[in-house]
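Numbering of residues begins at 1 and proceeds along the displayed sequence. Since this is a predicted model, take the numbers as computed values, not measurements.
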Amino acid sequence: MIVDSHCHLDRLDFDKLGQQLPEILAAARAKQVEHFLCVSVTLDQFPSMLDVISVYDDVSASCGVHPLDQKDVLDKARLSTLATHPKVVAIGETGLDYYYSQDTHKVQQDSFVGHIQVANELNKPLIVHTRDAKADTINLMKSHNAQNCGGVLHCFTEDWEMAKQALDLGFYISISGIVTFKNAVELKDVVKKLPLDRLLIETDSPYLAPVPHRGKTNQPAYVQDVAYYVADLKGISYKELAQATTNNFYKLFSLASRSDATR
């Protein structure tokens, strides 16, 4: 069995997919996906996200604000309150994304620090988004003791040096369908070097569908394609990759409920 360690189920376009969430989750379960982590990107939309997933025992949630959605000062008290919900197993996604504009760097940095502080207070791991911000991401993680709560650098696309620094802080690295893209040469090399006991897999659906589904709306069932591809890159069996990444998920996100049938 495998886990989709990062998806946005509330952002799926059900009309475009021609299916509703029960069918989409059923399709993923048929592809051996036993658990889903539905990731928050704004606090305003968090309650409606919970409404979407609350009936599913095999779906957990995170709570946080994506760096590109952080338009103003983080309401840390509100984040802390919302994140105490029993469905919430992680804080985020948070982090730094410098791809678009320098104008938001300070707001993003302050928000990231606030998320780290809440994660440490609640003892829940961080989900970190990082793009074009390698040095600042690692420096803020170090200076604000992100190693205490731990977490994951999700949808990782940076270099081995950054991966190693995150690993040294006790963090995990999660790989999405981007690794299947032809031009992801450096990322493929990073994946080959990643220790198996720190590796996670994800879809980041509805975004970034892996080959052979590229161009389509991504969905949790496609995490199996990521798993097969990563296993091949690392020269191990699909079964070994599945077992390792699934165990890693429950070790990191220890509040997530594992089915008795798959223990």
Side-chain angles (χ1 to χ4, degrees), residues 5-6 8 10-11 37-49 61-85 88-174 176 178 186-187 190 202 204 207-208 252:
S5 71
H6 191 113
H8 302 279
D10 57 319
R11 297 204 159 200
L37 179 47
C38 185
V39 175
S40 165
V41 294
T42 74
L43 299 185
D44 286 342
Q45 295 175 354
F46 176 76
S48 60
M49 185 190 85
S62 74
C63 184
V65 184
H66 190 288
L68 295 179
D69 288 291
Q70 189 68 65
K71 307 304 183 187
D72 208 339
V73 177
L74 173 70
D75 188 340
K76 202 170 84 168
R78 187 182 181 203
L79 170 62
S80 184
T81 299
L82 292 174
T84 59
H85 191 283
V88 173
V89 302
I91 305 300
E93 65 186 278
T94 180
L96 302 174
D97 192 320
Y98 291 174
Y99 182 77
Y100 294 103
S101 171
Q102 293 186 0
D103 297 341
T104 63
H105 288 192
K106 183 64 166 62
V107 169
Q108 288 187 35
Q109 291 164 9
D110 290 345
S111 175
F112 188 24
V113 170
H115 280 80
I116 295 171
Q117 291 169 342
V118 170
N120 280 330
E121 290 164 7
L122 299 182
N123 195 29
K124 292 185 178 184
L126 283 165
I127 298 172
V128 178
H129 170 109
T130 181
R131 180 163 59 161
D132 291 354
K134 291 182 282 192
D136 283 355
T137 299
I138 293 296
N139 288 339
L140 288 176
M141 288 167 63
K142 287 180 178 178
S143 61
H144 293 277
N145 300 312
Q147 70 273 12
N148 291 346
C149 59
V152 59
L153 268 56
H154 104 93
C155 194
F156 191 79
T157 56
E158 303 293 347
D159 57 20
W160 170 244
E161 182 57 33
M162 186 182 193
K164 188 175 183 305
Q165 291 181 78
L167 293 168
D168 288 345
L169 289 172
F171 272 64
Y172 291 71
I173 305 292
S174 183
S176 73
I178 291 176
E186 185 177 30
L187 180 58
V190 170
E202 64 173 272
D204 202 12
Y207 318 107
L208 304 170
L252 175 60

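- Under a 3.5 Å cut-off, the side chain of S111 and the backbone N or O of V107 do not form any donor-acceptor pair.
- For the atom pair CD of Q117 and CD1 of I91, the computed distance is 12.5 Å after rounding to the nearest 0.5 Å.
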May I have the step-by-step check of side-chain contact (heavy atoms from CB on, under 4.5 Å) for E121 and K76, ending in yes or no? CA-CA 11 Å; E121 290 164 7; K76 202 170 84 168; 4.2 Å; yes
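- Between P67 and G95 the shortest heavy-atom distance is CB-O, 3.3 Å.
- With sequence neighbours excluded, the residues that form a side chain to side chain donor-acceptor pair (under 3.5 Å) with K106 are D110.
- What you find for G64 and S40 is that their closest heavy atoms are O-OG, 2.9 Å.
- Counting only residues at least two apart or on different chains, the ring pair (Phe, Tyr, Trp, His ring centres under 6.0 Å) pairs with a member in residues 100-126 are Y98-H105.
- How far CH2 of W160 is from CG of L167: 5.5 Å, rounded to the nearest 0.5 Å.
- Residue F171 comes nearest to A146 through the heavy atom pair CE1-O, 3.5 Å, listed as atom of the first residue, atom of the second, then distance.
- In this structure, N139 places its CG atom where more than 12 heavy-atom neighbours from other residues, nucleotides or ligands lie under 6.0 Å away.
- Using a 4.5 Å cut-off on side-chain heavy atoms (C-beta onward), D75 and L79 make no contact.
- Take T104 and apply the side chain to side chain donor-acceptor pair (under 3.5 Å) test, not counting sequence neighbours, and it matches Q108.
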Take C155 and L208 through the side-chain contact (heavy atoms from CB on, under 4.5 Å) test and state the conclusion after the steps. CA-CA 10 Å; C155 194; L208 304 170; 3.6 Å; yes
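- Of the inter-residue distances, the one linking D204 atom CG with H6 atom NE2 reads 4.5 Å to the nearest 0.5 angstrom.
- The heavy-atom pair separating I127 from S62 by the smallest distance is CD1-CB, 3.8 Å.
- The shortest distance between side-chain heavy atoms of L82 and V88 does not fall below 4.5 Å.
- Put simply, the side chain of K134 never gets that close to the backbone of R131: no donor and acceptor are under 3.5 Å apart.
- The salt bridge (charged side-chain N to carboxylate O under 4.0 Å, His left out) test applied to R78 returns D44, not counting sequence neighbours.
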Hey, mind stepping through L153 and E158 against side-chain contact (heavy atoms from CB on, under 4.5 Å) and telling me if it holds? CA-CA 10 Å; L153 268 56; E158 303 293 347; over 6 Å; no
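- The side-chain contact (heavy atoms from CB on, under 4.5 Å) test applied to C38 returns L9, D10, M49, I53, V59, not counting sequence neighbours.
- Within the 4.5 Å cutoff, the side chain of D69 has no heavy atoms near those of the Q45 side chain.
- For the atom pair CG (N145) and CD1 (I116), the distance works out to 9.0 Å, reported to the nearest 0.5 Å.
- We find the CG-NE2 distance between L37 and H8 to be 9.5 Å, quoted to the nearest 0.5 Å.
- Expressed to the nearest 0.5 Å, how far CG of N148 lies from CG of N120 amounts to 5.0 Å.
- Closest non-hydrogen pair, I173 versus A166, comes out as CD1-CB, 4.1 Å.
- Side chain of D136 to main chain of L96: no donor-acceptor pair is present (N/O by atom type, distance under 3.5 Å, no hydrogens or angles).
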side-chain contact (heavy atoms from CB on, under 4.5 Å) between V41 and R11: does it pass, once the steps are laid out? CA-CA 10 Å; V41 294; R11 297 204 159 200; 3.0 Å; yes
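- Contacts classified as ring pair (Phe, Tyr, Trp, His ring centres under 6.0 Å) and involving residues 116-148 (residues at least two apart or in different chains) are given here: H66-H129, H129-H154.
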